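These numbers come from a predicted model, not from an experiment. FYI, side chains are in, hydrogens and waters are out, and symmetry mates aren't considered; it's all heavy atoms of this structure.
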Amino acid sequence: MTVAESRGLIVSFGEMLIDFVPTVSGVSLAEAPGFIKAPGGAPANVAIAVARLGGNCAFIGKLGDDEFGHMLAGILKENGVSTAGVNLDKGARTALAFVTLCADGEREFMFYRNPSADMLLTPDELNLELIKSAKVFHYGSISLIVEPCRSAHLKAMEVARDAGALLSYDPNLRLPLWPSPEEAREQIMSIWDKADVIKVSDEELSFLVQRDEVDDDAAMSLYHDNLKLLLVTLGAMGCRYYTKHFRGTIEGFCVDTIDTTGAGDSFVGALLSKIVDDQSIIEDEGRLMAVLTYANACGAITTTKKGAIPALPTPSQVEDLIN
């Protein structure tokens with residue numbers, strides 16, 4: 001048994017796709033002279049972030065039985081992520097997204113999914129044994145947009161919860177994929193009260209509460225009785241944390257940001273890898289602050305290279321930045 005295998009299993013559920021990123025930053029998609037293909041998809045990024053930090057992780061989702069799908073499955077394996085929950089669809093393509101990087105490193109998306117393989121995962125295709133063995137089950141909201149993937153998502157969550165897993169939710173809002181903002185808000189909130197740990201960005205918080213001011217009151221309006229930890233990431237400014245008994249802010253790290261893709265996923269992967277075998281960390285403010293400092297460092301490092309997966313850090317890189 002490897003060191004990673006001796007640790008609690010984190011199962012990440014949802015989409016994996018290929019981002020096409022312009023070779024030149026700060027131009028529109030139409031003006032881009034060329035594109036580099038970068039594997040992505042938030043739940044897959046989280047899985048690889050966990051594995052790169054020495055954790056034990058599996059990914060559950062569906063890829064096209066095409067060259068891109070086989071490439072993505074290969075990338076999971078190369079990075080030490082179990083593909084026991086990955087299905088291949090002969091009739092649908094792997095999802096693609098074209099991502100423009102604005103001058104400040106922020107992104108705009110254009111998606112090709114009509115429908116893509118990830119949207120076609122059915123409840124019957126779920127690897128239930130894998131889900132039942134998870135100590136942490138992590139997911140987003142993109143898998144809620146259409147059937148049958150939505151039903152697969154709800155079933156997987158239910159099986160994980162019944163087996164005693166900690167449920168981790170990062171909505172990862174991508175408005176262009178939803179029929180309307182109202183539908184996005186409604187569906188994202190439809191599973192809100194099931195999660196034990198929720199991470200949102202400041203922009204997502206603003207969208208969900210429909211207020212420009214994202215203060216403690218806005219965050220606490222989203223707190224629910226079952227929630228153990230609510231995190232609001234603030235980009236370069238770090239993050240805020242809220243539990244039943246305490247709240248606070250952890251400052252971010254100063255780095256040369258090139259591309260913010262995957263920073264939130266890196267943050268989540270770091271957090272989950274640290275709490276999977278000791279969930280009491282969530283109730284101990286001092287230890288939680290140390291873990292969130294580590295997670296902030298992981299997020300910061302991920303912004304220093306183009307693309308999510310190539311930029312996800314190793315433990316030694318994180319220690320160097322913290323020290």
Over all atoms of both residues, closest heavy-atom pair of A152 and L126: O-CD1, 3.4 Å

Using a 4.5 Å cut-off on heavy atoms from C-beta on, say whether the side chain of L166 contacts that of Q279. yes

Can you check side chain to side chain contact (heavy atoms under 4.5 Å, CB included) on I131 and F13, steps first, answer last? CA-CA 9 Å; I131 296 169; F13 173 94; 5.9 Å; no

For the CG atom of L230 and the OH atom of Y242, what is their distance to the nearest 0.5 Å? 7.0 Å

Whether R247 and D216 form a salt bridge (side-chain N of Lys/Arg under 4.0 Å from carboxylate O of Asp/Glu) is what I want to check. yes

Pairwise side-chain contact, D65 with T94, heavy-atom cut-off 4.5 Å (strictly under): no

Would V159 and V136 show up in the same hydrophobic cluster when neighbours are defined by side-chain heavy atoms closer than 4.5 Å? no

Over all atoms of both residues, closest heavy-atom pair of G299 and S266: N-OG, 3.8 Å

Is any side-chain heavy atom of V318 closer than 4.5 Å to a side-chain heavy atom of Y294? yes

Does the N79 side chain pair with the main chain of I48, one donor and one acceptor, at a distance under 3.5 Å? no

How close do G269 and V50 get, counting heavy atoms only, and between which atoms? O-CG2, 3.6 Å

Would R113 and D118 count as a salt bridge (charged side-chain N to carboxylate O under 4.0 Å, His left out) if you check the C-alpha gap in whole Å, the side-chain angles of each, and the deciding distance to 0.1 Å? CA-CA 9 Å; R113 297 160 47 115; D118 59 292; 3.1 Å; yes

Please confirm whether the ring centroid of F109 lies under 6.0 Å from the ring centroid of F98. no

What's the verdict on side chain to side chain contact (heavy atoms under 4.5 Å, CB included) for L208 and V200, showing C-alpha distance, side-chain angles and the deciding distance? CA-CA 10 Å; L208 291 171; V200 288; 4.3 Å; yes

Please check if the number of heavy atoms outside E251 that lie under 6.0 Å from its CD is greater than 12. no

Are there over 12 heavy-atom neighbours, none belonging to D162, within less than 6.0 Å of that residue's CG? yes

Just wondering, do L167 and V197 contact through their side chains at under 4.5 Å, heavy atoms? no

For L288 and L229: C-alpha separation, side-chain torsions, deciding distance, then whether side chain to side chain contact (heavy atoms under 4.5 Å, CB included) applies. CA-CA 10 Å; L288 180 63; L229 176 63; 3.8 Å; yes

Pair E203-S206, side-chain donor/acceptor within less than 3.5 Å: no

Carefully, step by step, assess L9 and L130 under the rule side chain to side chain contact (heavy atoms under 4.5 Å, CB included). CA-CA 9 Å; L9 177 66; L130 185 64; 4.0 Å; yes

What residue among N45, V46, N172 forms side-chain contact (heavy atoms from CB on, under 4.5 Å) with V268? V46

Using 0.5 Å steps for rounding, measure from the CD atom of E125 to the CG atom of N87. 4.5 Å

Establish, yes or no, whether the cationic atom of R185 lies under 6.0 Å from the six-membered ring centre of F207 and within 45° of the ring axis. yes

Can you tell me if H224 uses its side chain to pair, donor with acceptor, with the backbone of D196 under 3.5 Å? no

Donor-acceptor contact below 3.5 Å, side chain E183 vs main chain S180: no

Flag the pair L177 / I142 as yes when at least one side-chain heavy-atom distance between them is below 4.5 Å, and no otherwise. yes

Count I, L, V, M, F, W, Y as connected when their side-chain heavy atoms are under 4.5 Å apart, and connections chain through other members. Are M237 and V214 then in the same cluster? yes

Flag yes if more than 12 heavy atoms outside M71 fall under 6.0 Å of its CE atom; otherwise flag no. yes

For the CG atom of L88 and the CG atom of L72, what is their distance to the nearest 0.5 Å? 10.0 Å

Would you check if the side chain of R93 reaches a backbone N or O of L63 as a donor-acceptor pair within less than 3.5 Å? no

Taking atom types as modelled, is there a side-chain donor on D124 or T122 under 3.5 Å from an acceptor on the other? no

Decide whether L17 and V146 are clustered together by the hydrophobic rule: side chain heavy atoms of Ile, Leu, Val, Met, Phe, Trp, Tyr closer than 4.5 Å, transitively. no

side-chain hydrogen bond (donor to acceptor under 3.5 Å, both in side chains) for S316 and E319? Distances and angles first, verdict last. CA-CA 5 Å; S316 61; E319 277 152 31; over 6 Å; no

Counting only heavy atoms from other residues, nucleotides and ligands, does the tally under 6.0 Å from NZ of K274 exceed 12? no

Looking only at heavy atoms, what is the nearest atom pair of N56 and A4, with distance? CB-O, 2.9 Å

NZ (K244) with more than 12 external heavy atoms under 6.0 Å: yes

Please determine whether a side-chain nitrogen of the Lys or Arg among D278 and R287 lies less than 4.0 Å from a carboxylate oxygen of the Asp or Glu. yes

Test item: T303 side-chain N/O and T257 main-chain N/O as donor-acceptor pair under 3.5 Å: no

What are the two closest non-hydrogen atoms of A184 and L175, and how far apart are they? CB-CD2, 4.0 Å

I'd like to check D19 versus K37 (side-chain heavy atoms, cut-off strictly below 4.5 Å). Are they in contact? no

For L222, does its backbone N or O pair with a side-chain atom of W192 as donor and acceptor, under 3.5 Å? yes

In one Ile/Leu/Val/Met/Phe/Trp/Tyr side-chain cluster, 4.5 Å: M16, I18: yes

I'd like to check M157 versus S143 (side-chain heavy atoms, cut-off strictly below 4.5 Å). Are they in contact? no

Ion pair K90/D66, N-O distance below 4.0 Å: no

Charged N-O contact under 4.0 Å between E158 and K155: no

Tell me whether the count of non-hydrogen atoms from other residues, nucleotides or ligands lying under 6.0 Å of CG in D225 goes above 12. no

Is there a ring-ring contact (aromatic ring centres under 6.0 Å, His included) between Y139 and H153? Walk through the geometry before answering. CA-CA 8 Å; Y139 47 89; H153 179 135; 5.1 Å; yes

Keeping the roles fixed (side chain from S273, backbone from G55), state whether a donor-acceptor pair exists under 3.5 Å. no

Let me confirm one number: the CG-CG distance from L271 to L231, rounded to the nearest 0.5 Å. 6.0 Å

With a sphere of 6.0 Å drawn around CG of D193, does it hold more than 12 non-hydrogen atoms of other residues, nucleotides or ligands? yes

4.5 Å side-chain heavy-atom contact, T233 and N296: no

Which pair of heavy atoms, one from P171 and one from S141, lies closest together, and at what distance? O-OG, 2.7 Å

Is the positively charged end of K199 above the ring of Y169, judged by distance under 6.0 angstrom from the centroid and angle within 45° of the axis? no

So, D89 side chain and G64 main chain: donor-acceptor pair closer than 3.5 Å or not? no

Treating Ile, Leu, Val, Met, Phe, Trp and Tyr as nodes and any side-chain heavy-atom pair under 4.5 angstrom as an edge, say whether V209 and V232 lie in one connected cluster. yes

Answer yes or no: is there a donor N or O on one side and an acceptor on the other, between the side chain of E15 and the main chain of G41, under 3.5 Å? no

Should R7 and D277 count as an ion pair when the cut-off is N to O under 4.0 Å? yes

Determine whether a donor-acceptor pair (N or O, by modelled atom type, separation under 3.5 Å) exists between the side chain of T243 and the backbone of H245. yes

